[in-house]
Amino acid sequence: MEAPVEKVDVLAATEEAGGEEASEALALLTQMILIIIVFIVGWQLEKRHVHWISEAAVGLIIGVAAGGIAYVTTHEFNVSSYADWMNFDPDFFFFALLPPIIFDAGYSLDPAYFFGNFDAICTLAFLGTFVSCIIITAMVWTFGFLGLCYKLNFIQAGLFGSLISATDPVTTLAILGNVRADQNLYYLIFGESVLNDAVAIVLYQTLNEFQHQKFSASSVGKAFGVFLLIFVGSCFIGSAFGLLSSLFYRYAQFRKESEYNIVEACLLVPVPVAAYMAAEAAGLSGIVSILFCGIVMARYTRQNLTETTSKMSLSFFKVVAKVAETFVFIYMGLSLFLGHQTFTMPSMWFMFIVSFIAMLMARVANVYPNCFIVNLRRSPREKISKNHQLFLWFSGLRGAIAFALAMKSTNDVGEEAGGVMFSTTLLIVLVTVIIFGGMTPFMLSKLDVLDKSNGDTPYGTPSYHNLDSEHQRMKDHQSDRDMGEVDMSEVEMSELELSADVSSMALQTDVGSSSDTPLRKFI
């Protein structure tokens, strides 16, 4: 008599599994449709010269709308399975979406501008992030202690201050990458956003450990040493992978056997992923590692590729980064309805107001004093101008890094406090991306910090997709032009070093960023 009962249980389990598969398939289908919609809307806005809303903001808004619809209509499906696939997963972000975005940025950047501004980038990213974290922590803790907003203890306030101090490279690339900002200004903002993420993540991890141990001067000194180890070690790992790939392609001689282009390209793809994962596995920063891997590969590995594979790799990494970037903003938008929010708590809204004001004040304390320090050692022509400083303050966009850390905080500090931090961070991201990001073209024109070599308007007539592609190709093949008419298949390492020196000397006259430093000589 037990057989029918067992049969019913099997049928019920089968139906439940089928329902979960249907919900998961619906979630994936929804994500693909949303990506298509974002690309089409972004293309049409650009085609009609609508510049007050960025494609990043489009992704957020469409994600919010889709999340609201899903929140209302998912009663017909397995809501848990659907929400799990639709919601933002920090691990998926850090290990799947972030690496291609950061690598593409390093693979296509101009080393002369990046390393020419390296002194200012490091000052803003390291010292500035510490200052920002201290100010935000102090204000949030003080107002909470006085009962004027949600009350966090000092360590929790420090965790929030560290995560909200992370200016986001994903948001920066999505918004500034589509406008014609001055190149020195662009690399200042981009470089700071990448490196300060390492600072913010290490600060967050260090403060999180203080929840379970006593706070002391020795522990602070130890944390500072750990941070230096993380940064230097990450740079070393990423550069090592890039140089090893360069040596491999130099001696593999694919240029003499053009029929192996596909194999040549396939061998290129795992290198940056390996650099990222090796750094993460060693407890270091995958972001810094994959960035320097991209920089080294752009300068040395690509010179040993065939022309076909070089162009193919540029296009491939650009497409993957663009899709991943769009995923990120859609995910953040979806979380407004599908994530665990605390919008019904009045104290959370007061905390948002306090945090937003603290963020703006901390940005002032970061940009102006640090730019003053940098300008002390620069010649008058190379100083960071007042207009550049004002735009640096304005462009402190928050995005996916802060959002992912805030989501992680729900497990680290408790459901209620973590939920308040998560909701506050999401609101700050929405405001900075939609409002500040939308005002970026206007501010570029108003402050006269446009790239003069590309015209006098923030946007050109061609689609920015084509503009980006041509601009990247121009920079990516810079070393090839420096080599003149020499056959790249017969280049020796000594000739490559000579080309690097000549390229640096030629570019130095165009870059008003810093004096002749060892980093510039290396490039």
Side-chain angles (χ1 to χ4, degrees), residues 105-106 109-136 165-169 172-173 176 181-200 202-203 224 227-228 231-232 234-235 285 287-288 291-292 295 359-398 440 443-444 447-452 504 507-523:
L109 66 73
D110 189 332
Y113 283 106
F114 182 79
F115 286 106
N117 288 288
F118 205 63
D119 57 342
I121 288 172
C122 289
T123 304
L124 291 167
F126 299 151
L127 180 59
T129 304
F130 280 111
V131 171
S132 176
C133 179
I134 291 171
I135 292 174
I136 295 174
S165 296
T167 56
D168 191 60
T172 301
L173 289 168
L176 289 182
D182 175 81
Q183 288 297 292
N184 283 304
L185 180 63
Y186 171 80
Y187 281 103
L188 274 174
I189 297 170
F190 165 68
E192 179 206 358
S193 67
V194 172
L195 297 186
N196 98 322
D197 285 339
V199 181
V202 172
L203 280 174
F224 182 73
F227 167 74
L228 290 179
F231 182 75
V232 175
S234 301
C235 291
S285 172
I287 295 175
V288 176
L291 173 69
F292 279 86
I295 293 172
M359 181 191 72
L360 298 179
M361 294 174 60
R363 188 66 182 167
V364 172
N366 177 352
V367 171
Y368 288 97
N370 287 324
C371 286
F372 175 78
I373 294 172
V374 172
N375 283 341
L376 289 176
R377 63 173 297 274
R378 292 190 174 193
S379 67
R381 185 179 64 86
E382 297 167 344
K383 291 183 184 296
I384 303 173
S385 69
K386 294 296 182 182
N387 284 355
H388 279 67
Q389 293 179 41
L390 180 56
F391 193 83
L392 277 170
W393 169 82
F394 177 83
S395 61
L397 305 171
R398 269 56 176 183
T440 296
M443 291 295 291
L444 285 171
L447 297 175
D448 192 25
V449 288
L450 299 169
D451 186 3
K452 302 299 183 182
S504 174
L507 281 168
Q508 187 170 352
T509 59
D510 296 329
V511 182
S513 53
S514 84
S515 57
D516 191 19
T517 63
L519 282 170
R520 181 183 291 283
K521 290 178 180 178
F522 171 77
I523 297 302

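Residue indices begin at 1 and follow the sequence shown. Predicted model only: the values in this text are computed from it and were never measured.
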Inset, instruction - Mind checking the CZ-CG spacing from F130 to N366? Nearest 0.5 Å is all I need. - result: 12.0 Å
Legend entry - Spacing of CG belonging to L195 relative to CZ belonging to F190, to within rounding of 0.5 Å: 8.5 Å
Legend entry - Between CG on residue N184 and OH on residue Y113, distance to nearest 0.5 Å: 6.0 Å
Inset, instruction - To the nearest 0.5 angstrom, please state how far the OG1 atom of T167 sits from the CD atom of E192. - result: 4.5 Å
Legend entry - R363 to S395 - nearest heavy-atom pair and separation: NH2-OG, 4.3 Å
Legend entry - Side chain to side chain, L360 and V364, heavy atoms closer than 4.5 Å: no
Inset, instruction - Return yes if some donor-acceptor pair links the side-chain N/O of D182 with the main-chain N/O of L185 below 3.5 Å, else return no. - result: yes
Legend entry - Donor-acceptor pair between S132 and S165 side chains, under 3.5 angstrom: yes
Legend entry - F115 and I121, any side-chain heavy atoms less than 4.5 Å apart: no
Inset, instruction - Return the minimal non-hydrogen interatomic distance between K383 and R378, and the atom names on each side. - result: NZ-O, 3.2 Å
Inset, instruction - Of all the heavy-atom pairs spanning A125 and V199, show the shortest one and how long it is. - result: O-CG2, 3.5 Å
Legend entry - Residue pair N387 / D448, side-chain donor-acceptor N/O under 3.5 Å: no
Legend entry - Approximate separation, where rounding is to 0.5 Å, of L188 CG and L392 CG: 5.5 Å
Inset, instruction - Heavy atoms only: give me the nearest N375-I384 pair and the separation to one decimal. - result: OD1-N, 2.7 Å
Legend entry - Non-hydrogen atoms of S285 and S234 that approach each other most closely: N-OG, 2.8 Å
Legend entry - Inter-residue atom distance F126.CZ - N196.CG, 0.5 Å rounding: 9.5 Å
Inset, instruction - May I ask you to check whether F372 and Y368 place their ring centres under 6.0 Å from each other? - result: no
